Amino acid sequence: MELQSQVLLWELVLLHSDDSSSPPVPSGSLPAASSVVSESTVSWAAGALAVLRCQSPRMVWTQDRLHDRQRVVHWDLSGSPAGGPARRLVDMYSAGEQRVYGPRDHGRLLLPPSAFHDGNFSLLIRAVEYADEGLYTCNLHHHYCHLYETLAVRLEVTDNPQEAGAHWDGEKEVLVVERGAPALLTCVNRAHIWTDRHLEEAQQVVHWDRQPPGVPHDRADRLLDLYASGERRAYGPPFLRDRVAVGVDAFARGDFSLRIDPLEPADEGTYSCHLHHHYCGLHERRIFHLRVTEPVAEPPPRDSPGNGSSHSGAPGPDSTLPRGRSVINVIVPEGRAHFFQQLGYVLATLLLFILLLITVILATRQRRRGGYEYSDKKSGKSKGKDVNLAEFAVATGDQAVYRSEDIQLDYKNNILKERAELGHSPLPTKNIDLDKVFRKEYCK
């Protein structure tokens with residue numbers, strides 16, 4: 001009898017849910033059109049690293065290894081006549097495991113076991129009482145897709161059977177039930193994300209597109225395709241393909257930012273990041289209008305030691321001359337090795353100078369020694385001539401002795417007498433300076 005009553009009650013639940021709910025949504029029929037969540041204009045200088053930020057925590061690849069505990073439904077009650085905070089009544093995971101919290105609710109509160117297969121999460125209260133009045137909320141949680149949906153139903157209990165019924169108060173459904181009768185609180189959601197268990201590991205796809213200036217969106221060029229399975233595909237022109245990249249751990253961190261390094265003027269255009277999570281129903285697009293500017297040349301630092309700049313009245317650069325690339329002098333502190341290297345250069349130069357000086361001194365002394373030898377030779381020749389002079393002096397002496405004889409002659413006049421005396425007087429001695437003779441011979 002108890003089993004038959006439960007079967008009748010669930011048939012009533014299914015009939016009521018089919019009549020009052022919208023037609024079921026077939027799996028995979030959700031619109032796949034991407035919604036633009038952001039659009040921005042960014043600019044970088046040519047040659048720099050450009051990063052187009054595209055992040056979403058809902059795209060993080062956290063593979064569901066438990067399968068059955070990623071989806072859960074629970075009913076809560078607030079605003080009951082007894083007062084107090086909201087309390088949990090019953091919950092159920094996708095595996096079909098139900099848990100009733102209140103002792104008095106065991107056997108009174110029921111959820112359909114096939115809720116995660118047909119999308120019917122309605123709560124059945126077998127015999128309502130005045131203590132059951134309040135605001136009931138049906139909460140659906142999908143931890144894998146980070147989705148949370150809530151549906152509210154107000155339950156009122158009456159003793160008049162004619163007042164029983166349901167109406168809409170503009171925000172939620174109000175259900176009036178006769179005391180002691182069963183009450184069905186409707187909560188139906190047949191979206192495939194709540195019913196298709198085997199699709200939890202479906203592919204997640206991210207792709208980047210590029211539109212050159214003047215090209216519409218429908219003719220954009222595909223740059224990259226990324227799949228949660230690890231597969232990657234690169235497209236686009238060759239000059240850009242080798243300079244764009246997305247992190248290898250993109251799906252682990254939910255960061256699909258595009259990096260262009262180095263940036264070139266030809267990279268200008270519109271870039272779009274498309275995030276598709278087909279199972280979770282996520283279809284987002286982020287648009288970036290990229291502009292490339294000329295690189296800014298940084299001026300050399302002023303008053304830096306070693307670059308010759310100061311606040312003195314030094315002439316500045318000529319503004320009429322074309323500007324080129326700035327040269328920045330980088331002064332590296334001298335180390336001990338550099339000091340010894342410079343010292344070695346100084347010592348080597350000094351040693352070379354000393355060797356050169358010694359060479360000049362030796363050459364000069366050698367030349368003087370050669371001059372002395374030549375003088376000695378000339379002196380030998382002069383000695384031979386001195387012997388002849390000595391002999392000549394001796395002969396002269398002999399003549400002087402010979403002529404010194406006194407001859408008595410009678411002269412007619414004084415003039416003849418003087419001549420005779422001069423003829424008989426000894427010749428004067430001739431002094432020869434040998435040093436003067438040597439000098440003459442040496443100069444010859």
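Owing to the predicted nature of the structure, the values given are computational and were not obtained by experimental measurement. FYI, side chains are in, hydrogens and waters are out, and symmetry mates aren't considered; it's all heavy atoms of this structure.
The CG atom of L123 sits 10.5 Å away from the OG1 atom of T137 when rounded to the nearest 0.5 Å. Note that CG of L226 is 5.0 Å distant from CZ of R232, once rounded to the nearest 0.5 Å. Residue H141 holds its NE2 atom at 3.0 Å from NE2 of H74, rounded to the nearest 0.5 Å. Between the NE2 atom in H142 and the CD1 atom in I193 there is a gap of 4.5 Å [rounded to 0.5 Å]. Put simply, CG on L77 and CG on L135 are 8.0 Å apart, with the number rounded to the nearest 0.5 Å. With rounding to the nearest 0.5 Å, the separation of CG in L124 from CG in L109 is 8.5 Å.
Across all their heavy atoms, P213 and G269 have their closest contact at CD-CA, 4.2 Å. Summarising the geometry of R99 relative to Y93, their closest heavy-atom pair is NH2-OH, 4.0 Å, with the distance given to 0.1 Å. Listed here is the closest heavy atom pair of Q98 and P113: NE2-N, 4.4 Å. Contact detail for C54 and S257: the closest heavy-atom pair is N-OG, 3.3 Å. Across all their heavy atoms, L175 and L184 have their closest contact at CD2-O, 3.4 Å. Closest heavy-atom contact between S122 and T186: OG-CA, 3.4 Å.
Between the side chain of E268 and the backbone N or O of V292, at least one donor-acceptor pair lies under 3.5 Å. In this structure, D105 contributes its side chain and R108 its backbone to no donor-acceptor pair below 3.5 Å. Using modelled atom types, no side-chain atom of R190 and backbone atom of T195 make a donor-acceptor pair closer than 3.5 Å. A distance-only check finds a donor-acceptor pair linking the side chain of Q204 to the backbone of M59 [under 3.5 Å].
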N/O donor-acceptor pairs under 3.5 Å from side chains in residues 36-51, not counting sequence neighbours:
{"residue": "E39", "atom": "OE2", "partner": "H289", "partner atom": "NE2", "Å": "2.8"}

Side-chain donor-acceptor contacts of residues 258-265 below 3.5 Å, not counting sequence neighbours, with atom names and distances?
none

side-chain contact (heavy atoms from CB on, under 4.5 Å) between Y136 and L89, intermediate numbers included: CA-CA 9 Å; Y136 290 77; L89 297 177; 3.3 Å; yes
Pair H143-V72, side-chain contact (heavy atoms from CB on, under 4.5 Å): steps then yes or no: CA-CA 8 Å; H143 300 289; V72 61; 3.8 Å; yes
Steps toward side-chain contact (heavy atoms from CB on, under 4.5 Å) verdict (V177, I125): CA-CA 11 Å; V177 181; I125 305 176; over 6 Å; no
CA sep, side-chain torsions, deciding dist, call: W208, V244, side-chain contact (heavy atoms from CB on, under 4.5 Å): CA-CA 10 Å; W208 278 90; V244 297; over 6 Å; no
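Residues I358 and L362 meet the side-chain proximity criterion, which asks for heavy atoms closer than 4.5 Å. Using a 4.5 Å heavy-atom cutoff, the side chains of D209 and H207 are in contact. Side-chain contact between Y235 and L223 is absent, with no heavy atoms from C-beta onward closer than 4.5 Å. At least one side-chain heavy atom of L185 sits less than 4.5 Å from a side-chain heavy atom of W75. No side-chain heavy atom of C273 sits under 4.5 Å from any side-chain heavy atom of L52. Looking only at side-chain heavy atoms (C-beta outward), L240 and R210 come within less than 4.5 Å of each other.
Remark: R291 CZ is loosely packed, at most 12 non-hydrogen atoms of other residues, nucleotides or ligands lying under 6.0 Å away. Annotation: Y148, atom OH; neighbour count of heavy atoms from other residues, nucleotides and ligands within 6.0 Å is above 12. Heavy-atom contacts from other residues, nucleotides or ligands closer than 6.0 Å to CZ of R179 number 12 or fewer.
For the 3.5 Å distance criterion, the side chains of N160 and T158 fail to qualify, holding no donor opposite an acceptor. Defined by atom type and a distance below 3.5 Å, a donor-acceptor pair is present between the side-chain atoms of Y130 and D159.
Ion pairing between a basic and an acidic side chain is recognised when a charged N comes within 4.0 Å of a carboxylate O; R233 and E231 show such pairing. Using a 4.0 Å cut-off between charged side-chain N and carboxylate O, R286 and E284 make a salt bridge. Looking at R243 and D267, a side-chain N of the basic residue comes within less than 4.0 Å of a carboxylate O on the acidic one, giving a salt bridge. Ion pairing of D132 with R104 is present here, as a side-chain N (NZ or NE/NH1/NH2) and a carboxylate O approach within less than 4.0 Å.
The residue from D91, L140, N189 that alone fulfils the side chain to side chain contact (heavy atoms under 4.5 Å, CB included) condition with V73 is L140.
Partners of Y271 under the ring pair (Phe, Tyr, Trp, His ring centres under 6.0 Å) rule, at least two apart in sequence or in another chain, do not exist in this structure.
Ring centroids of H278 and H283 are separated by less than 6.0 Å, placing the two rings close together.
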